[in-house]
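Side chains are part of it too, since the values below use all heavy atoms of this structure and drop only hydrogens, waters and symmetry mates.
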Amino acid sequence: MPVKKEVKKSTTEFTPAVEEGPYYTPGSPERKSIAEKGTPGERLVLEGRVLNKDRKPIADAWLDFWNANGDGEYDNKGYNLRGHQFTDKEGRYRLETVKPKDYMMRAPHIHVKVKANEKAPILTTQLFFPGEKKNATDFLFEKGTLVEVKEK
């Protein structure tokens with residue numbers, strides 16, 4: 001049985017914006033588990049919170065996630081490894097996916113768009129994993145978006 005990893009956004013500072021990239025598909029389904037059966041890659045759970053500038057939780061914030069699979073490939077025809085959800089009253093979210101593999105010059109990462117409310121701008125960023133060799137050479141790597149990984 002594969003080991004499930006728990007991944008948490010580790011920083012408490014403002015999350016920096018990182019380029020969207022070419023693989024975003026609007027209109028993703030609302031769901032908390034985005035990896036369809038048979039998707040290559042190690043299963044992981046991404047958890048975190050959306051907070052305002054005063055560190056207060058933002059309820060009902062919209063988050064749209066997408067990532068490559070364990071072979072470094074995106075589903076550009078459907079919605080495997082794509083989905084959106086809303087935070088709970090404490091600003092928490094929980095996403096089930098797979099750990100993406102690096103591809104070309106890119107380190108493993110998970111894309112996310114966050115919108116606090118209807119009037120707020122959308123933050124687009126990418127979450128990176130610590131200890132990845134390609135972090136040092138990925139032109140979009142952002143230290144401020146590293147996640148904390150824990151074996152479960």
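- Proximity of a side-chain donor or acceptor of Thr87 to a complementary backbone N or O of Ala61 within less than 3.5 Å is detected.
- No donor-acceptor pair closer than 3.5 Å links the side chain of Lys99 to the backbone N or O of Gly41.
- For residues 61-74, every residue pair satisfying the side-chain hydrogen bond (donor to acceptor under 3.5 Å, both in side chains) rule, not counting sequence neighbours, is listed here: Tyr24-Asp64, Ser28-Asp64, Asn67-Thr97, Tyr74-Tyr103, Tyr74-His109, Tyr74-His111.
- No donor-acceptor distance shorter than 3.5 angstrom exists from the side chain of Glu142 to the backbone of Ala17, with no hydrogens or angles considered.
- In this structure, the side chains of Glu132 and Phe141 stay at 4.5 Å or more apart for every pair of heavy atoms.
- With sequence neighbours excluded, the residues satisfying side-chain contact (heavy atoms from CB on, under 4.5 Å) with Arg92 are Arg49, Asp88, Glu90.
- Residues that satisfy the side-chain contact (heavy atoms from CB on, under 4.5 Å) test with Asp102, not counting sequence neighbours, are Pro108, Lys134.
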side-chain contact (heavy atoms from CB on, under 4.5 Å) between Phe14 and Leu123, intermediate numbers included:
CA-CA 11 Å; Phe14 287 117; Leu123 167 70; over 6 Å; no
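- If you take CD on Glu30 and CD on Gln85, they are separated by 8.0 Å, rounding to the nearest 0.5 Å.
- Distance alone, capped at 3.5 Å, is enough to place a donor-acceptor pair between the Thr125 side chain and the Pro16 backbone.
- Using a distance-only test at 3.5 Å, with no hydrogens or angles considered, a donor-acceptor pair links the side chain of Arg82 to the main chain of Asp75.
- How far CG of Asn80 is from OG1 of Thr39: 3.5 Å, rounded to the nearest 0.5 Å.
- Annotation for Leu140 and Gln126: closest pair CD1-NE2, 3.9 Å, computed over non-hydrogen atoms.
- From Lys89, atom NZ reaches atom CG of Asp60 across 11.5 Å, with rounding to the nearest 0.5 Å.
- With Asn52 contributing its side chain and Asp54 its backbone, the two residues share a donor-acceptor pair below 3.5 Å.
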Can Leu44 and Phe129 be said to form a side-chain contact (heavy atoms from CB on, under 4.5 Å), step by step?
CA-CA 12 Å; Leu44 65 83; Phe129 297 84; 4.0 Å; yes
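- Under a hydrophobic clustering in which Ile, Leu, Val, Met, Phe, Trp and Tyr are joined whenever their side-chain heavy atoms come within less than 4.5 Å, directly or via other members, Leu127 and Val18 fall into different clusters.
- A continuous path of hydrophobic side-chain contacts links Tyr23 to Ile122 [ILVMFWY only; heavy atoms under 4.5 Å].
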